[in-house]
Amino acid sequence: MKLSALQQSYLNRRSNSFRGSAQLDSAADGSVKSPAAVFWLVLHGVCCLISLVLGFRFSRLVFFFIFSTSATNLYTAPFRGAAEIASHLDVRSTPVTVVASSTSRVVVGRHGIRIRPWPHPDPVEVMKAHQILERVQREQRALFGVKNPRTVIAVTPTYARTFQKLHLTGVMHSLMLVPYDLVWIVVEAGGVTNETASIIAKSGLRTIHVGFRQTMPNSWEGRHKLESRMRLHALGIVREQKLDGVVMFADDSNMHSMELFDEIQNVKWIGAVSVGILLHSTDSSATIQREGEEESTPMPVQGPACNATNKLVGWHTFNSLRYAGRSAVYIDDRAPVLPRKLEWSGFVLNSRLVWKDVDDKPEWVKDLDELDGAGEEVESPLSLLKTTSMVEPLGNCGRQVLLWWLRVEARSDSKFPAQWIIDPPLDITVPSKRTPWPDAPPELPSNEKMSDGAQTQDQQINKHSTKTKTPRTRRSRTKRRHDTKVIGVQASTLSVSEQQN
Amino acid sequence: MGPLKWALLGVLLSASLFAIDSVELRRNQPTERISGSAGDVLEDDPVGRLKVFVYELPSKYNKKILQKDPRCLNHMFAAEIFMHRFLLSSPVRTLNPEEADWFYTPVYTTCDLTPNGLPLPFKSPRMMRSAIQLISANWPYWNRTEGADHFFVVPHDFGACFHYQEEKAIERGILPLLQRATLVQTFGQRNHVCLKEGSITIPPYAPPQKMHTHLIPDKTPRSIFVYFRGLFYDVGNDPEGGYYARGARAAVWENFKDNPLFDISTEHPTTYYEDMQRAVFCLCPLGWAPWSPRLVEAVIFGCIPVIIADDIVLPFADAIPWEEIGVFVDEEDVPKLDTILTSIPPEVILRKQRLLANPSMKQAMLFPQPAQPGDAFHQVLNGLARKLPHDKNAFLKPGEKVLNWTAGPVGDLKPW
């Protein structure tokens, strides 16, 4: 590659390029007679041959010494004797010695490219650089970020189910990235389980993990109601322990942006942010219209509505009429899951609002105890307020969507390995029907017995001689929905689902 | 770490007390004033300290050239045009040449562009010579000093040597007619033929509006350690490397191309300015000439410039303490660049960032339209004012001739 580049550059220099070298220009003056022209042509050919043989630099050097008359000699000092050049044909290996000329320390001309013996990153230096970056960013935060950041109190209602690990890990990673102090209150329906405890233990955050007596019902309606009560229970803990900071509701299947945590630091008493609603819908081409909006937005957004002077004038809520009758009732329905009118996660509170016996609590706030005894469901933290006009719109008055709401759940009777650890390891292999392995039997073995979450089973072990495909048969599917990418396990899937029914 | 932290806080507090109001570039960051006499010089007001007379040259020397190719207003050599426009409407301008301290000749020598936009310097010596012949014939002021109280803006690669190739430029040397004049140029390298004693080094032109439209919020964390975008090998003219940038850029590439701390490549991203604002260090290595607009961009965007160019003279070096603001790396130390940069103590880095955040520092690097106090135009005038009063031997005795009007290559003597 290099040699051809050299040839290319040689030809370039022969032609009139913009910054071409002048060394061979003097060779080309005044040839008008044809014998002279022929002579030059022959010479040109000889030169090309020589350069092919000897290499570009050496041949150029030869011609330089023969033809050059210009004063560029002075400054092309790195062009030493031919022998030295020949030994330095590999340009990159050695540095050039700088000739101390009378005018300048710096010499014009070809220099070597200095490469150190092992040109790769040194891990110690990488660490030092990261420390420098960390220090610079800390300084930036101190200068431009939030002054006097308050503790973030995240409230998450959860329960042990197939997708819990998926959702809770997402929330956990978001919370781990928050640059402020954090307290994570995890309220679990059905009591504290090891499953949940093991997930949140990995966070390294300060967590308060409490159980709630009731188990999570199977309908979305019931689930929403229970979650509200669990959140109120968490607020009770905030009150009891006099936790100080900003309370935000981090539902375990929501997606939070980091700007959210910066923005909620600005809340005084109670604030509202815009929540993007990601509807899990089978007809993905549906465009949803917000109630009272002129243009149709592709994604509904719940949150505060402001007028031109950035004052709160109303609320953007979710228009569920469009989905009337088509929405999911049970958790494992395949219909779209609808949010409530105003989701809890769109609100943030100053924790002092729920403390008792605090003098500077504003008078438009009800006491938390009043809500506890109430029979009706508490739909959103707005019930804590006597008047909703004091809510502060955050995120550029609701124009920034800082978090997204999404509800995706597996079938209620789906089974998954405890703590998602498969032990002992899978040793069933099911040969694929569609791969061209010659000795694959045309039919799959059909006798598979399922046991509830148990480790042992007595299926036919059908090891393939050359390759094994990781089977998906021992544990039941989480979703009945087809995954057509899995090759050849269709039959077993069907049989499994039949068995489940 | 405790007492150090308090000391840092103390410095920050005192620095915040010195926050300087600037019209355009105010950010809410406590900045540090460049202490000592050097830094205060940036805020000097040249009005009243000098008077400049602008020669009225025929438009073939300036306006017609610009009309032929308006690209000259946007490239990095545009300082000569904007300097002319600034002087025409500046309070330092005088219409009475008898009271002028300095004389300015508006000739746009760097406006003969190739289709690619690069200036060809081949006609520039003749153009300059023709302009000087004109002013010496029509006004007596050139002849009485032979140019010692005249200044010219020559922003090309090697200044008044009028060539893009260094060997050729050195061979030509500074145009003989400009021997006694003050040159305002971007090129600066110590002990170099093309840098005359008493020249004023200016930053290359960078479009201020374009840079200001790409500003990102201050609180965006700086997560890139070292940033550079540009050529390492000039494949068209020096494919092997070794000539271009004296091998320094190629050395940077070869040593650090797989280093995660170095975000270096030859791409032209649209987010170039935004990326510079997310970087702690920005490399400013030499190219075919030692200066580059990267220095200006680094200062504007608060990225510490890492200058890899031996013996370079930076803009307004007598007014700006570049040693305290940037990091200087010898070309032979390039393989150790990562060691050098990671061994700088964090306090020093934070101090450099504070100095860079100083609005007067950023203003001094720019050529805004219309001119603003403290910008590069004013720094040039300050530099000229500092050279006053003129030396005794600036004014020649009648009949005395110093310049050789026939010196230089034969091609230069042809009329333009």
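Note on naming: letters A, B, ... go to the chains in the order of the sequence lines (proteins, then strands), and numbering restarts at 1 for each one.
- The shortest side-chain heavy-atom distance between A/H130 and B/L261 falls under the 4.5 Å cut-off.
- Interatomic distance, CZ of B/R222 versus CG of A/L133, reported as 11.0 Å (0.5 Å rounding).
- Only the side chain of A/Q137 comes within contact range of chain B, with heavy atoms under 4.5 Å apart.
- Here the CZ-CD1 distance, from B/R249 to A/I113, works out to 13.5 Å after rounding to the nearest 0.5 Å.
- For a residue to count as touching a neighbouring chain, one of its non-hydrogen atoms must lie under 4.5 Å from one of that chain's; by this rule B/V334 does not touch chain A.
- In this structure the side chain of A/W118 never reaches within 4.5 angstrom of the side chain of B/N255, judged on heavy atoms.
- A heavy-atom distance below 4.5 Å is found between the side chains of A/P121 and B/P260.
- In this structure, CZ in B/F225 is found 4.5 Å from CD1 in A/I132, a value given to the nearest 0.5 Å.
- A salt bridge links A/R110 with B/E240; the closest basic N to acidic carboxylate O contact falls under 4.0 Å.
- The closest donor-acceptor contact from the side chain of A/Q140 to the backbone of B/D218 lies under 3.5 Å.
- Between chain A and the residues B/I344, B/I224, B/V226, B/T342, the largest count of heavy-atom pairs under 4.5 Å involves B/T342.
- Between A/R114 atom CZ and B/E331 atom CD the span is 7.0 Å, to the nearest 0.5 Å.
- Under a 4.0 Å N-O distance rule, the pair A/R116/B/D338 qualifies as a salt bridge.
- For the set A/M127, A/H120, A/R141, A/E134, the count of heavy-atom pairs under 4.5 angstrom toward chain B peaks at A/H120.
- Heavy-atom distances place the side chain of B/F256, and not its backbone, under 4.5 Å from chain A.
- Under the rule for a disulfide bond (SG atoms under 2.5 Å apart), the partners of B/C161 that lie at least two apart in sequence or sit in another chain are B/C194.
- Proximity of a side-chain donor or acceptor of A/E139 to a complementary backbone N or O of B/L350 within less than 3.5 Å is not detected.
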